[in-house]
Undergrad: 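Sharing a structure with you now.
Bear in mind the structure is a predicted one, so any value in this text is a computation, not a measurement.
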Amino acid sequence: MASLNVGNLGEYLREQRRAAQLSLRQLADATGVSNPYLSQIERGLRKPSADVLQQVAKALRISAETLYVRAGILDEREREELETRAVILADPSINERQKSVLLQIYDSFRRENGYAPAPDTEADTKAGADAEAGSGAEAAPGTHAGPHVQAGPDADAKEHHDPHS
């Protein structure tokens with residue numbers, strides 16, 4: 001995992017706060033995190049939890065994943081994967097079934113290249129499949145309904161989707 005020093009995180013947060021034209025007090029009000037604690041984070045004296053970073057990211061309108069990487073909580077490759085998934089899931093021009101198929105193909109390519117799906121992929125797949133199954137939506141043959149694809153032998157997209165094999 002990437003391990004950047006906490007001071008670097010603090011400097012980055014200060015820059016982002018100033019770019020957003022917020023005082024420490026205003027950021028504290030927006031996040032529900034105390035002003036002294038935020039000051040200590042900015043000065044590199046405290047390492048905040050993922051929850052605090054998420055609150056700060058939301059208030060500053062920046063990516064929480066970027067803060068997780070800077071704090072050493074998340075690896076850069078994991079951040080990129082999460083951001084890729086978020087972009088696909090947020091695209092209003094494709095429907096839920098298309099998003100599911102696209103994510104399944106994405107996971108297949110990642111596995112083929114030696115990367116495992118995100119740790120929360122399996123839980124999200126089941127939740128998404130349950131939700132879509134209840135909506136009456138029909139998934140394409142060989143696909144899983146839901147926002148993520150479950151890892152395992154059933155999810156081998158190369159076996160089901162590769163027209164060149």
Side-chain angles (χ1 to χ4, degrees), residues 1-16 19-20 41 44 46-165:
M1 233 184 240
S3 183
L4 300 175
N5 68 38
V6 180
N8 189 15
L9 170 68
E11 292 169 19
Y12 179 76
L13 284 175
R14 181 179 296 118
E15 290 171 12
Q16 295 302 310
I41 294 169
R46 296 278 185 174
K47 183 174 181 178
S49 68
D51 289 338
V52 168
L53 289 174
Q54 187 172 22
Q55 291 169 279
V56 170
K58 185 176 178 183
L60 293 175
R61 297 183 179 164
I62 59 177
S63 162
E65 288 81 10
T66 298
L67 295 184
Y68 296 159
V69 169
R70 287 188 174 268
I73 295 172
L74 184 68
D75 183 85
E76 180 70 22
R77 286 179 293 198
E78 292 170 324
R79 179 189 65 84
E80 290 169 357
E81 179 186 0
L82 290 171
E83 288 180 351
T84 300
R85 289 178 178 285
V87 168
I88 292 169
L89 292 170
D91 188 338
S93 68
I94 58 177
N95 66 38
E96 293 306 310
R97 185 189 61 79
Q98 292 166 330
K99 291 174 186 179
S100 175
V101 171
L102 187 54
L103 286 169
Q104 183 174 6
I105 293 167
Y106 176 66
D107 281 342
S108 170
F109 286 148
R110 286 182 52 81
R111 276 192 305 279
E112 188 175 302
N113 293 332
Y115 295 98
D120 64 345
T121 300
E122 188 171 327
D124 289 349
T125 301
K126 182 173 178 2
D130 292 346
E132 193 159 326
S135 70
E138 199 172 310
T143 65
H144 293 43
H148 296 291
V149 178
Q150 188 169 0
D154 294 343
D156 187 357
K158 184 175 182 183
E159 183 178 304
H160 298 293
H161 296 289
D162 188 356
H164 304 291
S165 56

Undergrad: Which is it for Tyr68 and Leu82 under the side-chain contact (heavy atoms from CB on, under 4.5 Å) test, yes or no, and what are the steps along the way?
TA: CA-CA 12 Å; Tyr68 296 159; Leu82 290 171; over 6 Å; no

Undergrad: Calculate, to the nearest 0.5 Å, the distance between atoms CD and CD1 belonging to Gln54 and Ile73 respectively.
TA: 10.5 Å

Undergrad: Short question: side chain of Ser108, backbone of Gln104 - any donor-acceptor pair under 3.5 Å?
TA: no

Undergrad: So Leu53 and Leu9, do their side chains get closer than 4.5 Å, heavy atoms only?
TA: yes

Undergrad: Under the side chain to side chain contact (heavy atoms under 4.5 Å, CB included) rule, collect the residues that match up with Gln98, sequence neighbours excluded.
TA: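 Checked Gln98 against side chain to side chain contact (heavy atoms under 4.5 Å, CB included); matches are Ile94, Asn95.
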
Undergrad: How long is the straight-line distance from CG of Leu13 back to CD1 of Ile41, given to the nearest 0.5 Å?
TA: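 Here the interatomic distance stands at 7.0 Å.
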
Undergrad: Look up atom CG in Leu102 and atom CZ in Arg85, then write down how far apart they are to the nearest 0.5 Å.
TA: 10.0 Å

Undergrad: Salt bridge check: are Glu96 and Lys99 linked by an N-O gap of less than 4.0 Å?
TA: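 Yes.
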
Undergrad: Is it the case that the side chains of Ser93 and Asp91 hold a donor-acceptor pair, with the cut-off being a distance below 3.5 Å and no angle test?
TA: yes

Undergrad: Would you compute the distance between atom OH of Tyr106 and atom CD1 of Ile88 and round it to the nearest 0.5 angstrom?
TA: 7.0 Å

Undergrad: Is any side-chain heavy atom of Thr66 less than 4.5 Å from a side-chain heavy atom of Glu83?
TA: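 Yes, at least one pair of side-chain atoms sits under 4.5 Å.
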
Undergrad: How long is the gap from CD1 on Ile105 to CZ on Phe109, to the nearest 0.5 Å?
TA: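 So the gap between those two atoms works out to 6.5 Å.
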
Undergrad: Please give me the minimum heavy-atom distance between Ala57 and Ser63, naming the atom from each residue.
TA: CB-C, 4.1 Å

